[in-house]
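The next block holds one structure in the form of structure tokens; read it before the comments.
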2 protein chains.
Amino acid sequence: MSYCDTCVVRNRAICAALDTNELEALNKIGRRRMLEPGDSLIWEGDDSVLVANVIDGVLKLSTGTEDGREQIVGVVYPADFIGRPFGSTTRHSVTALTEATVCVFARGDFDNFAAEHPGLEHKLLQRTLAELDRTRRWMLLLGRKNAEEKIATFLMDMVERLGKPEDGDREVTIALPFSRQQVADVLGLTIETVSRQFTKLKKEGVIDLPSRREVVILNRTALEDRAG
Amino acid sequence: MSYCDTCVVRNRAICAALDTNELEALNKIGRRRMLEPGDSLIWEGDDSVLVANVIDGVLKLSTGTEDGREQIVGVVYPADFIGRPFGSTTRHSVTALTEATVCVFARGDFDNFAAEHPGLEHKLLQRTLAELDRTRRWMLLLGRKNAEEKIATFLMDMVERLGKPEDGDREVTIALPFSRQQVADVLGLTIETVSRQFTKLKKEGVIDLPSRREVVILNRTALEDRAG
DNA sequence: CGGCTAATTGATGTGCGTCAACGCTCGTGG
DNA sequence: CCACGAGCGTTGACGCACATCAATTAGCCG
């Protein structure tokens with residue numbers, strides 16, 4: 001009996017490429033780990049010793065300059081893959097934003113396992129290609145969009161990732177996994193600018209802000225218009 | 001006798017994973033194509049019908065907003081891979097910056113071939129992971145660095161990619177494959193700001209600008225200091 | 001030499017950062 | 001149960017880095 005049998009991301013994570021026997025073998029080299037918000041799994045510049053699948057929760061990938069400026073370079077959700085296989089060092093930290101559960105592997109073990117299971121590598125390749133596409137589209141936001149467009153695009157992205165499919169075009173409430181500072185670090189802005197843009201959208205009736213961590217999207221079309 | 005036998009990137013591109021027979025088969029489904037500066041191989045939003053290896057030259061990957069702002073999201077060099085396998089649409093244009101030669105494949109053909117050659121997929125995975133790392137580091141530049149730091153980082157990157165290894169720490173001349181506008185599109189700046197930063201570095205004796213497309217790095221340490 | 005485009009340089013404007021004060025929320029302990 | 005404090009978020013006043021607009025110059029090809 002393995003953890004994998006009851007894993008909620010069994011069919012969505014890269015593990016979906018494996019049959020029962022292979023999964024048994026993978027299970028032997030992995031272990032579960034719980035993280036509290038703020039806990040880091042990997043530090044920037046570390047030797048790449050761990051890789052993992054996200055089972056539950058949201059985590060950020062981030063880098064910074066020596067003088068303390070930070071940029072969040074990726075956000076991972078359940079079924080996403082974390083870490084740098086086939087490489088010596090990790091170029092960004094991985095930190096939990098919410099309570100999270102991950103399925104970790106020693107990188108060496110995982111590399112060896114992957115080398116013998118092309119199906120797994122194929123899934124990982126697909127995931128990596130999709131992530132690269134997503135990351136590149138975010139570059140357009142960072143390089144060329146103004147604060148209003150950044151916030152609007154960010155909120156649209158949140159709806160896409162956290163909204164339920166049945167929501168259709170109705171109003172949606174999002175539970176943000178980010179503090180204001182973290183939103184700023186995703187968008188390349190300051191906390192004050194983020195705050196001002198939020199209240200501006202609220203005054204214009206596009207969103208509502210019932211609490212610090214909640215955003216209600218009242219008018220999705222208006223948001224799209226502002227996303228640039 | 002196949003093209004591949006004389007291919008200058010034979011041992012550096014993902015094809016390095018293949019033996020002679022396999023290469024023969026790959027050669028059958030690919031063909032060479034020459035591009036002039038400005039020629040596009042793939043357009044943003046197109047169905048993903050082509051993938052390719054770069055044999056010679058430099059190409060840009062770019063996206064833009066509806067109102068014409070552009071962001072260069074990647075630059076590819078000889079031996080790099082272009083295009084989106086295993087996916088339906090392409091999210092960015094691919095355009096030659098210099099004269100270029102590429103080895104193109106119909107995406108469907110390539111997908112099928114790759115599925116039967118795990119070694120090839122492994123190379124592609126490694127390349128994609130490295131590119132994702134590189135892209136994410138560029139996000140720090142776009143989101144958090146000021147104009148001076150952006151230009152310095154850009155020039156350091158150019159030295160790394162275009163400089164010869166034997167240069168050591170001596171002064172290096174770089175033949176930029178970019179116009180000023182394209183430099184601006186890489187860095188998320190305007191052409192005027194790029195120009196002013198270049199002349200500022202020149203006045204300070206860090207670089208020299210013998211012609212429009214050439215930059216001489218006179219003081220690499222000073223450049224590093226400015227890269228943030 | 002003339003004409004065309006790219007690049008530079010200058011003058012002015014503004015969006016967002018910076019600095020500072022204030023307010024809200026929630027947890028803790030008297 | 002309320003007082004208090006600590007942290008996060010909001011709001012305001014101000015300044016600056018970079019964008020914008022405009023004019024000039026440099027490089028390049030006939």
Side-chain angles (χ1 to χ4, degrees), chain A residues 36-38 64-65 67-71 97-98 141-155 174-204 207-216 226 228, chain B residues 36-38 65 67-71 97-98 140-155 174-204 207-216 226 228:
Chain A
E36 293 299 314
T65 56
D67 62 333
R69 287 171 282 175
E70 185 172 333
Q71 179 67 46
L97 295 175
T98 63
L141 174 144
L142 290 174
R144 292 302 188 197
K145 292 190 179 181
N146 64 28
E148 182 182 45
E149 294 170 326
K150 282 179 176 180
I151 293 286
T153 309
F154 169 79
L155 289 173
I174 299 165
L176 286 185
F178 303 101
S179 70
R180 290 292 184 272
Q181 182 61 61
Q182 286 159 353
V183 175
D185 290 340
V186 170
L187 299 176
L189 295 171
T190 59
I191 187 173
E192 294 94 332
T193 301
V194 171
S195 182
R196 278 187 255 268
Q197 292 296 331
F198 271 160
T199 57
K200 180 161 153 284
L201 285 175
K202 183 179 175 179
K203 274 181 190 152
E204 294 169 343
I207 62 171
D208 193 21
L209 299 165
S211 81
R212 291 180 168 184
R213 293 291 187 127
E214 283 176 309
V215 184
V216 185
R226 278 155 227 254
Chain B
E36 292 299 312
T65 55
D67 60 333
R69 287 170 282 175
E70 184 173 333
Q71 178 66 46
L97 295 175
T98 63
L140 176 65
L141 174 143
L142 291 174
R144 293 300 187 198
K145 291 192 179 179
N146 64 26
E148 182 181 45
E149 294 170 327
K150 283 179 176 181
I151 293 286
T153 309
F154 169 79
L155 289 174
I174 299 165
L176 284 186
F178 303 102
S179 69
R180 291 291 185 272
Q181 182 60 61
Q182 286 158 352
V183 175
D185 290 340
V186 170
L187 299 176
L189 295 170
T190 58
I191 189 173
E192 293 94 333
T193 300
V194 170
S195 183
R196 277 188 253 268
Q197 292 295 332
F198 271 158
T199 57
K200 182 162 152 281
L201 285 175
K202 184 180 175 178
K203 275 181 189 150
E204 294 169 343
I207 62 171
D208 193 22
L209 299 165
S211 81
R212 290 181 170 185
R213 293 292 187 125
E214 283 175 309
V215 184
V216 184
R226 278 155 228 255

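Side-chain atoms are counted along with the backbone in the values below, which use heavy atoms only and exclude waters and symmetry mates. Sequence lines set the chain letters: A, B, ... in the order given, protein chains first and strands last, and positions in each chain run from 1.
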Length of the line joining A/E149:CD and C/dG15:P, which is rounded to integer Å: 12 Å
A/K150 side chain reached by A/T193 side chain, heavy atoms, under 4.5 Å: no
Whole angstrom value for the distance that separates P of C/dA6 from CD of B/Q181: 10 Å
Considering all heavy atoms, the nearest A/N146-B/R69 contact: N-NH1, 4.4 Å
Heavy-atom pair with the smallest gap, counting every atom of B/I207 and B/F198: CD1-O, 3.7 Å
Distance in angstrom units between A/R213 CZ and C/dT25 P, rounded: 15 Å
Inter-end axis angle, the helix from C/dC1-D/dG30 to C/dG30-D/dC1, with every axis fitted to five base pairs (rounded, 10 degrees): 30°
Annotated protein contacts, base or backbone, on nucleotides 17-30 of chain D with a non-hydrogen cut-off under 4.0 Å, one of B, S, - each: -SSBB----BS---
Expected output: side-chain A/D208 to main-chain A/P210 donor-acceptor under 3.5 Å: no
Protein-nucleotide distance (A/R69, atom CZ; C/dC16, atom P), rounded to Å: 18 Å
Validation row: B/T65, A/E149 side chains within 4.5 angstrom (heavy atoms): no
Test item: A/L209 and A/V215 side chains (from C-beta on) under 4.5 Å apart, heavy atoms: yes
Whole-Å distance separating the CD atom of A/E214 from the C1' atom of C/dT25: 14 Å
Under 3.5 Å donor-acceptor, A/Q197 side chain and A/V194 backbone: no
Min side-chain heavy-atom separation A/R226-A/L201 under 4.5 Å: yes
Gap between atoms CG and C1', on A/L209 and D/dC8 respectively (whole Å): 14 Å
Separation of C/dG15 P from A/K200 NZ (nearest whole Å): 11 Å
Spacing of B/F178 atom CZ relative to C/dA7 atom P, expressed in whole Å: 13 Å
Side chains of residues 175-186 of chain A: which donor-acceptor pairs under 3.5 Å do they make with residues two or more places apart or in other chains?
from, atom 1, to, atom 2, distance (Å)
A/S179, OG, A/Q181, N, 3.4
A/S179, OG, A/Q182, N, 3.2
A/R180, NH1, A/R212, O, 3.1
A/Q181, NE2, A/D185, OD1, 3.1
A/Q182, OE1, A/S179, N, 2.9
A/D185, OD1, B/R144, NH2, 2.8

